[in-house]
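All remarks here apply to the structure that follows.
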Amino acid sequence: MAACRNPSGTTEILESRGHGNAGEADLINQLGAKVKAVDPDVIENHNLHGFDLPFLVRRARILGVQLTLGRAGLPALRVRAARRGSASTPDGRRVRFVAPGRELIDTLDAVLRYDFATRELPNHRLKTVARHLGIAGPDREYIKGAQIYEVYRRDPERVRRYATADVQEVAGVARMLGGAAFALAQMAPRRYERVADAGAATGIIDPLLVRAYLRSGTALPAHQPGDGTPHSGAALHLFAAGVARRVVKADVASLYPSLMRSYRIGPARDHLGAMLTLVDRLVELRLAAKASARQSAPESAERYGYEAVSAAMKLVVNSAYGYLAAGGLTRFADVQAANEVTRRGRETLELVCGELASRGVTLLEADTDGVYFAVPDHWTEPDERRVVAEVAALLPLLVQLEFEGRYSAMLSHEPKNYALLGYDGALLLRGVAFRSSRAEPFGQAFLRYAVARLLAGDVPGVREAYVTTLDRLRGRHFAAREVASCVRLSKTWAQYLQVRDSRRELPYEALLAAGRKSWSVGDRILVYRRKSGAAGLIEDSEDAVAGIDSAKERDYDIDHYARLLRQTFAVRLACAFSPADFEVVFADPDQMSLFMPSVATIQTVLGKKPPTQTVDC
DNA sequence: GGTGACCGGGG
DNA sequence: GTGTACGGTCACC
């Protein structure tokens, strides 16, 4: 079965009329005939190049039928090398398919590009993205992948609804996220499908530069391998660790392209100065598109178009620096120029920090293009905005320091690792120290709650969170699932057997204990440590065959998880207290001395760090 | 701490 | 025949 959405917006379902191979061959022929009849310029789907096309090609080959998706006279699918797509060759190189005369657009590419900027999506599955973007219907049909065949045999109408909802969601995702690539395709001398999946540097900037040279009749510089100059990175400072109140974030908008424009930093081999001309032009286009978007009606096609252009320009402008730094890989790469950009960046950040500090704020942390600082108690928001504006006025015209946000409190832990409490009560956790895919749910929940209490100024609440979590562990109130860790399997059964004698690994021991001897490298499983050090596996309750639902087991190793609570989770709050106070807040209630001071009087601290901690990254 | 391998996503 | 081919995370050295 296949669902197709025509350019007119109607959805059609193709289904095989025969049985077995004959029916499947018939379906592939129907698909070819349908594509020929509708004759679309663009064929799009989610993971089109990673699943649908390689699947169809494989089945067509096995069944000995022609899969005709290309335009008249050029029916055969071709392949091109790609970094993502279908892994067809034994050496692991990947390819994407090309249907001559049509554009094969994968909405997954647009989703990856979108999430690169926003970092909001828990994963990139079609259903998740559709829900996130608000385009999933309220009564949308869901069926698990593994159950589709069985449901189809029982209730084909349900699968038809499911497939129809899928293609409608793909159309919605393409409409909302595909605009940038479509806008760029009208500007860059590359076909749409290449612009949609290429990186901005090699896929867009490079061809634009080449076109500029061709148009001016100037010879292109030869490729030059990098001369081994090491690439220096951005500045990263931790000024203070602990709890700060009245926190402000200021940052420079598009720092690197602004520095390139302001100080005229471009590739040395670019004698035409095409890169800087391009960046100047794209920034102007972006500003014009943003202004036009503001003037057009909300939700109008016009507005989406302008916003797409603006997003596309931002993407390309921001990759100009990446192009410079891509040592030796691209025609105009220039590590020295890239280093000059980062040097100016560090200089700018240092100037901003110094000027802010001299105006009476307490610096907390600074990273690349932005700085968090705390202001004195009596300052108002206009005071905060005024110092940022004063410092902004000291920077070059094109380098714009902006007031980015204000927060009631911050837990500054390490560079790139902190928690923020908004004035609206919203809690934001940043960095691997506070959110990790492998964190045990009970620990993650404790950490989130404890940080919220800490930033609210409620130290007894932090202690209570710790004691409650310990109690619930010791009373086995948590289900095994809540103490389990999600791990990715990186070894095969045979590979693990080779190292098993020297070092036992919990995930594989859990699989063995559960009687599972076959798995795929890359599979993710939930494992936990059981009493007596044995390994426990949480079976997906839908797949569990035996009558025991392991998710409801509670036979975990209490001491192990109590240690984990303290040594992995509670320590994230250590910088907020003096060492002695930390011991009091996180004292084991079973081992409390009678002379323990009360937590009610404990104050959080903010410890200053030595001022020169520049890290290259 | 740096480097290389591998994942994503689909049914 | 030659060049091209995403960005992030995690394991492992």
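Each chain gets a letter, A, B and so on, in the order the sequences are listed, and its residues count up from 1. Just so you know, these numbers come straight off a predicted model, no measurement behind them.
- Residues passing the side-chain hydrogen bond (donor to acceptor under 3.5 Å, both in side chains) test with Glu307(A) are Arg303(A), sequence neighbours excluded.
- Between the CG atom of Asp52(A) and the P atom of dG9(B) there is a distance of 15 Å, given to the nearest Å.
- A donor-acceptor pair is defined here as one N or O able to donate and one able to accept, closer than 3.5 Å; such a pair exists between the side chain of Asp270(A) and the backbone of Met275(A).
- In this entry the distance linking CG of Leu112(A) with P of dG8(C) reads 11 Å, nearest Å.
- Whole-Å rounding puts the Leu53(A) CG to dG9(B) C1' distance at 13 Å.
- To the nearest angstrom, C1' of dC6(C) lies 9 Å from CG of Asp197(A).
- Counting only heavy atoms from C-beta on, Ala81(A) has its side chain closest to dT4(C) among dT4(C), dG8(B), dG11(B).
- One can place CZ of Arg94(A) at 8 Å from P of dC7(B), the figure rounded to the nearest angstrom.
- Residue Asn123(A) is classed as a sugar-phosphate contact, given heavy-atom separations below 4.0 Å to backbone atoms only.
- With sequence neighbours left out, the salt bridge (charged side-chain N to carboxylate O under 4.0 Å, His left out) criterion links Arg529(A) to no other residue.
- Summarising the geometry, the separation between CZ on Arg96(A) and P on dT4(C) is reported as 19 Å, rounded to the nearest angstrom.
- Residue contacts for Leu126(A): at a heavy-atom cut-off of 4.0 Å it reaches the sugar-phosphate backbone alone, with no base atom in range.
- Side-chain nitrogen and oxygen atoms of Lys127(A) include at least one within less than 4.0 Å of the OP1 or OP2 phosphate oxygen of dG11(B).
- Closest to the side chain of Ile148(A), from the set dG8(B), dG9(B), dG11(B), is dG11(B).
- The salt bridge (charged side-chain N to carboxylate O under 4.0 Å, His left out) check on Arg61(A) picks up nothing, with sequence neighbours excluded.
- A gap of 14 Å separates the P atoms of dC10(C) and dG9(B), to the nearest Å.
- The separation of dA5(C) from dG10(B), taken at their P atoms, amounts to 27 Å, rounded to a whole angstrom.
- For Arg125(A), the salt bridge (charged side-chain N to carboxylate O under 4.0 Å, His left out) test picks out no residue, with sequence neighbours left out.
- Within residues 157-170 of chain A, the residues having any heavy atom closer than 4.0 Å to DNA chain B are, in order of number, Tyr162(A), Asp166(A).
- Relative to the six-membered ring of Tyr142(A), Arg140(A) meets both conditions, a distance below 6.0 Å and an angle of at most 45° to the axis.
- Residues that satisfy the salt bridge (charged side-chain N to carboxylate O under 4.0 Å, His left out) test with Arg343(A), not counting sequence neighbours, are Glu340(A), Glu347(A).
- The nearest whole Å value for the distance from the CD atom in Glu150(A) to the P atom in dG11(B) is 17 Å.
- Between dG8(B) and His124(A), no contact under 4.0 Å exists linking OP1 or OP2 to a side-chain N or O.
- Distance His49(A) NE2 to dG8(B) P: 19 Å, rounded to the nearest Å.
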